[in-house]
Amino acid sequence: MFAVYADSFSNDDPLSGLVVGERPDPEVPDGWTTVTVKAASLNHHDVWSLRGVGLREESLPMILGCDAAGYDEDGNEVVVHAVISDPSWSGDETHDPKRSLLSERYQGTFAEKVAVPRRNVVPKPAGLSFEEAACLPTAWLTAYRMLFTQSGLKPGDTVLVQGAGGGVSTALITLARAAGIRVFATSRDEAKRARALEIGASDVFESGARLPARVDAVMETVGAATWSHSIKALKPGGTIVIAGATSGNNPSQAELTRIFFLQLRIQGSTMGTRTELAQLAEFLDVTGTRPLIDQVLPMTDAAKGFEDVASGDVFGKIVLTR
Ligand SMILES: NC(=O)c1ccc[n+]([C@@H]2O[C@H](COP(=O)([O-])OP(=O)(O)OC[C@H]3O[C@@H](n4cnc5c(N)ncnc54)[C@H](OP(=O)(O)O)[C@@H]3O)[C@@H](O)[C@H]2O)c1
């Protein structure tokens, strides 16, 4: 079948290992099912995979992609949940030490078909297109859990979203606004700051700029480049929810004294549960909120989408269609 896959790793030139070609049809173990992919979306995760992060050499070649929407074996419109937990695991699957994301241990979604455990298929709301639904499983689910499960934010609170242009960040801005939370957003880029206002931020700032007021929580996916600013932006007792570190893992200023003196809470967050994915779909259905799509490309042009994600030249999600 047609597939977009990683054949090798390179930290300096991640796209050199990307192949648009053919792979065997998926193997379907007992208890698993096949989804025919209509749309899939790119995440920074797919670029990390080409750099060799979270993927082992012996797993190559590996079809990339965590997210998909398409048809199940009975022709129902579905969204794929990307977190694959061990069959023996019960409870929150993001806490399963043996969990993986599609394209880490099991073949991913940038293909004609993808095999997943039966429980990893969620009904697609009829009001969402396949392209919109394909944005949910990673970036939008991560944003939903950061905001509504991990942060303690309530309607009327204020949140700071760092790095406004990213897939997770645009989801954070849109979801927070729809839930009645005031949004401050930062971006390095003036045009992205203007777009952040359009999608619901009430104020935008250059990365690292002084804010007019301290915030109740910060949503952090940029990492080292914004960490110190995130800590300084919080009210006493506030919370940073961190789900990524695109710009680096080791901030030069960890701000430890400020963290204990102001009794700040640092909360890690990863993906979300199947239940949260279903709740996110309901939230979009009820509020009429829709994922922001930067570009829709045929899957045959995947390399262009990878280039844009790798260079940070995006505002919203890049969707690949079949
Ligand atoms: N834990 C999880 O489950 C989970 C799930 C999804 C994503 N993630 C992680 O979260 C991060 C974001 O993912 P994504 O898919 O949203 O990525 P993305 O679409 O590539 O967004 C990254 C954003 O970070 C900002 N940025 C990058 N480098 C920066 C720097 N040096 N200084 C300031 N800002 C910088 C940029 O914002 P501006 O250009 O607007 O400044 C960019 O738009 C990735 O590291 C990803 O691996 C984790």
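These values consider heavy atoms only, across backbone and side chains, with no hydrogens, waters or symmetry-generated copies. Counting starts at 1 for both ligands and their atoms, in listed order.
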Practice item. Working to the nearest 0.5 Å, report the span between OG1 of Thr273 and CD of Gln279. Key: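 CD of Gln279 is found 7.0 Å from OG1 of Thr273.
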
Assess, by modelled atom type and distance only, whether the side chains of [X] and [Y] contain a donor and an acceptor separated by less than 3.5 Å.
X	Y	result
Thr149	Glu276	yes
Ser10	Asp12	no
Lys317	Asn43	yes

How close does the nearest protein non-hydrogen atom get to [atom], and which residue and atom is it?
atom	answer
atom 5 (C) of ligand 1	Thr142 OG1, 3.1 Å
atom 19 (O) of ligand 1	Gly167 N, 2.9 Å
atom 7 (C) of ligand 1	Val168 CG2, 3.6 Å
atom 38 (P) of ligand 1	Ser187 OG, 3.5 Å
atom 2 (C) of ligand 1	Ala243 O, 3.6 Å
atom 43 (O) of ligand 1	Gly166 N, 3.0 Å
atom 15 (O) of ligand 1	His44 N, 3.2 Å

Sub-4.0 Å atoms of ligand 1 with respect to non-hydrogen atoms of [X]:
X	result
Met271	2 (C), 3 (O)
Gly244	9 (C), 10 (O)
Trp48	44 (C), 45 (O), 46 (C), 47 (O)
Ser247	30 (C), 31 (N)
Ser269	1 (N)
Ala225	30 (C), 31 (N), 32 (N)

Practice item. Could you tell me which non-hydrogen atom of Asp67 sits nearest to which non-hydrogen atom of Pro137, and how far apart they are? Key: OD1-CB, 3.5 Å

Practice item. Give a yes/no verdict on a cation-pi contact between Lys38 and Tyr71, requiring under 6.0 Å between NZ or CZ and the six-membered ring centre and an angle within 45° of the axis. Key: no

Review point. Among Ile84, Leu101, Val114, Val116, which residue meets the side-chain contact (heavy atoms from CB on, under 4.5 Å) test with Tyr106?
Key: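 Answer after filtering Ile84, Leu101, Val114, Val116: Ile84.
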
Review point. What residues form a side chain to side chain contact (heavy atoms under 4.5 Å, CB included) with Asp308, not counting sequence neighbours?
Key: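 By the side chain to side chain contact (heavy atoms under 4.5 Å, CB included) rule, Asp308 matches Gln295, Lys304, Asp313, Val314, Ile318.
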
Exercise for review: Can you sort out the partners of Ala171 under side chain to side chain contact (heavy atoms under 4.5 Å, CB included), two or more places apart, ordered by chain and number?
Suggested key: Trp140, Ala143

Point to revise | Trace of the side-chain contact (heavy atoms from CB on, under 4.5 Å) decision for Val241 with Glu220 | key: CA-CA 6 Å; Val241 183; Glu220 180 56 89; over 6 Å; no

Exercise for review: Report the part of Thr246 in contact with ligand 1, treating N, CA, C, O as backbone and CB onward as side chain, heavy atoms under 4.0 Å; options are side chain, backbone, both, neither.
Suggested key: both

Exercise for review: Determine whether the side chain, the backbone, both or neither of Arg188 has a heavy atom under 4.0 Å from any heavy atom of ligand 1.
Suggested key: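 For Arg188, the contact with ligand 1 is made by both the backbone and the side chain.
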
Point to revise | Sub-4.0 Å heavy-atom contact, Val222 with ligand 1 | key: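 It does; at least one heavy atom falls under 4.0 Å.
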
Exercise for review: Would you please determine whether Ala139 falls within less than 4.0 Å of ligand 1 on a heavy-atom basis?
Suggested key: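 The answer is no: ligand 1 sits nowhere under 4.0 Å from a heavy atom of Ala139.
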
Review point. Between Lys192 and ligand 1, does any nitrogen or oxygen pair lie at a separation below 3.5 Å?
Key: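 In this structure, Lys192 places an N or O atom under 3.5 Å from an N or O of ligand 1.
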
Review point. Are Leu50 and Phe110 connected in the hydrophobic side-chain network, where two residues link if heavy atoms are under 4.5 Å apart?
Key: yes

